[in-house]
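Every chain is numbered from 1 and lettered A, B, ... according to where its sequence line falls, protein lines coming before strand lines. Below, each value reflects all heavy atoms present in this structure, side chains not excepted, and no hydrogens, waters or symmetry copies.
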There are 2 protein chains.
Amino acid sequence: MTENVTKNSRRASRGEAALSRDTIIDAAIALLDSSGESGLTFRALAAKLATGAGAIYWHVADKHALFMAASDVIMARAIGVSLPDATPRQNIQTLALAVFEAMDQHPWLGSALSQAPGQLPTVRLLERLGRQVAALGVPAGQQWVAACTLLNYLLGVGGQNAANASIARVQDLERMHFLETLSAAWSQLDAQEYPFTRSVAAKLREHDDRADFLAGIDLIVQGMLHNTGTR
Amino acid sequence: MTENVTKNSRRASRGEAALSRDTIIDAAIALLDSSGESGLTFRALAAKLATGAGAIYWHVADKHALFMAASDVIMARAIGVSLPDATPRQNIQTLALAVFEAMDQHPWLGSALSQAPGQLPTVRLLERLGRQVAALGVPAGQQWVAACTLLNYLLGVGGQNAANASIARVQDLERMHFLETLSAAWSQLDAQEYPFTRSVAAKLREHDDRADFLAGIDLIVQGMLHNTGTR
DNA sequence: ACCTGAACACCGTTCAAGT
DNA sequence: ACCTGAACACCGTTCAAGT
């Protein structure tokens, strides 16, 4: 554990930092942040770590495991927010917002979470949500559905967010310009077939992601309260 | 448009079906259904269509466009369900269930929808949901958030569904055995850190995807009704 | 106008060989 | 125990050349 002198002797003798699982994951996160999901490559990662592509396989099973490990680090950090002495309803908002911020700063996170149902990163989140759902007074028999609904909504938003970021990267558009274009396209849809979409096209251009996300969370919470006596 | 005699002369003279955009999309759907998202390959598709890999590019821009076109065909079919003379609340259930069934039969659909926010397949769905939200009596100012919440929840469920199917394919597990394993893993989580997750581990093993999905939809609808006078 | 198939520039992963 | 880097079996995409 601590005998780093014998470990990584090859690299150490060249005065380089030790190649460990954690170093690799940190580098992967940096790469994902700077180049997006498609930028995470064993060759690029090896270059960044000044090693060979194959060396990484000594510490990590495969690309999927690496991607999950990276997302777990970010998720653990995000849900580590201390929940102040507030109502369960407010705690859910705080929690959801923390995850939203994490997905906003690391757009690949949403994509990663969608790829590993029931695995550690998602379970961390489910646990935290579930506890607040219970604290809210939702009957035991309905807590599973309630917590899953919050989780799936969050994952849905995260996935869309990831895709938006990826499109913006490829097309090199600012968020503003991207929404303008999309909103314009919506406005030109057939009036008979798409009345609703046309009616909200303006909303799309000027909407606040964060505020709408939180409004969605609260909508679900209200649905939960409906089944509680605590309305 | 109709002069198929001159079109595709090469293939026609060999007695093969015409290579058109639609033929390609149909073949792509068949390939996706049988081999999953990772099975959709220009080489495999070309083999299936008895043509060269490059020929496909004459009819389709690139792989992403092909994937979207395939998902749009399925989505258009799914939301084509006729809504009987029922309440908006029931119509939303019918609609959501139709999409759920489509994502269940074509697990790659959930993944596709997550990759193209604001594009045709998602917009089709948003439109249908939005109209029912309006019919439900949700005030105009809140329809955008309400419809998006339903949509995002649906996309979240679809994404998880796609990932589950993909894992099941790789590991060649039956759904039952997969859930057993996951449920067992949840039961062995640390009692201090994961009380909620442990408490629902049994639920995970025996839960009914479809029923839970619909319960989530109804939870959100109840939240919407809360802001409506029509409670 | 439509199709062919070789070629290019990538991937993830493996593995003998080194230290 | 850990690292190296060539090699393998794939990808998506392009494009000269054909009909």
Side-chain angles (χ1 to χ4, degrees), chain A residues 1-25 27-28 31-32 35-70 108 112 115 166 170, chain B residues 1-25 27-28 31-32 35-70 108 112 115 166 170:
Chain A
M1 209 64 140
T2 45
E3 68 272 25
N4 262 340
V5 190
T6 53
K7 282 181 76 173
N8 305 110
S9 51
R10 192 97 141 265
R11 299 175 58 84
S13 66
R14 290 190 313 206
E16 297 174 49
L19 189 65
S20 68
R21 193 161 202 277
D22 287 342
T23 330
I24 292 171
I25 294 171
L31 203 51
L32 284 163
S35 326
E37 187 174 347
S38 67
L40 179 61
T41 283
F42 276 82
R43 282 168 176 83
L45 196 57
K48 205 181 184 74
L49 291 163
T51 181
I56 298 168
Y57 281 89
W58 184 261
H59 303 273
V60 166
D62 56 16
K63 189 176 177 174
H64 188 252
L66 179 58
F67 197 33
M68 287 311 129
W108 46 271
Q115 287 173 38
S166 158
V170 173
Chain B
M1 209 64 140
T2 46
E3 68 273 24
N4 263 338
V5 190
T6 53
K7 282 180 75 172
N8 306 110
S9 52
R10 192 97 139 264
R11 299 175 58 83
S13 66
R14 290 189 315 205
E16 297 173 48
L19 188 66
S20 68
R21 192 160 203 276
D22 287 342
T23 330
I24 292 172
I25 293 172
L31 202 51
L32 284 163
S35 324
E37 187 174 345
S38 66
L40 179 60
T41 282
F42 276 82
R43 282 168 177 81
L45 196 56
K48 206 182 184 73
L49 291 165
T51 182
I56 299 168
Y57 281 90
W58 184 261
H59 303 273
V60 165
D62 56 17
K63 189 176 178 174
H64 187 253
L66 178 58
F67 197 33
M68 287 312 129
W108 47 271
Q115 287 173 39
S166 156
V170 173

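- Contact between Ala44(A) and Leu31(A) at its shortest, heavy atoms only, is CB-CD2, 3.9 Å.
- For Leu49(A) and dT4(D), the CG to P distance is 10 Å, given to the nearest whole Å.
- To the nearest 0.5 angstrom, Phe42(B) atom CZ is 8.5 Å from Ile24(B) atom CD1.
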(message) Output one letter per nucleotide in nucleotides 12-19 of chain C: B when a protein non-hydrogen atom lies under 4.0 Å from the base, S when only the sugar-phosphate is that close, - when neither is.
(response) BBB---B-
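- Here the shortest heavy-atom pairing between Leu40(B) and Lys63(B) reads O-NZ, 2.8 Å.
- Nucleotide dA1(C): paired with dT19(D) (Watson-Crick or G-U wobble, both distances less than 3.5 Å).
- Here the shortest heavy-atom pairing between Ala70(B) and Leu32(B) reads CB-CD1, 4.1 Å.
- Checking the phosphate oxygens (OP1, OP2) of dC2(D), a side-chain nitrogen or oxygen of Trp58(A) falls inside 4.0 Å.
- For the pair Leu45(B) CG and dC3(C) P, the interatomic distance rounds to 13 Å; values are reported in whole Å.
- Of all nucleotides present, only dG12(D) satisfies the Watson-Crick or G-U wobble test against dC8(C), with each distance under 3.5 Å.
- With rounding to the nearest 0.5 angstrom, the NZ atom of Lys48(B) is 12.0 Å from the OG1 atom of Thr41(B).
- Atom CD1 in Ile56(A) sits about 13 Å away from atom P in dG5(D), given to the nearest Å.
- His64(B) approaches Gln115(B) most closely through the heavy-atom pair NE2-O, 3.8 Å.
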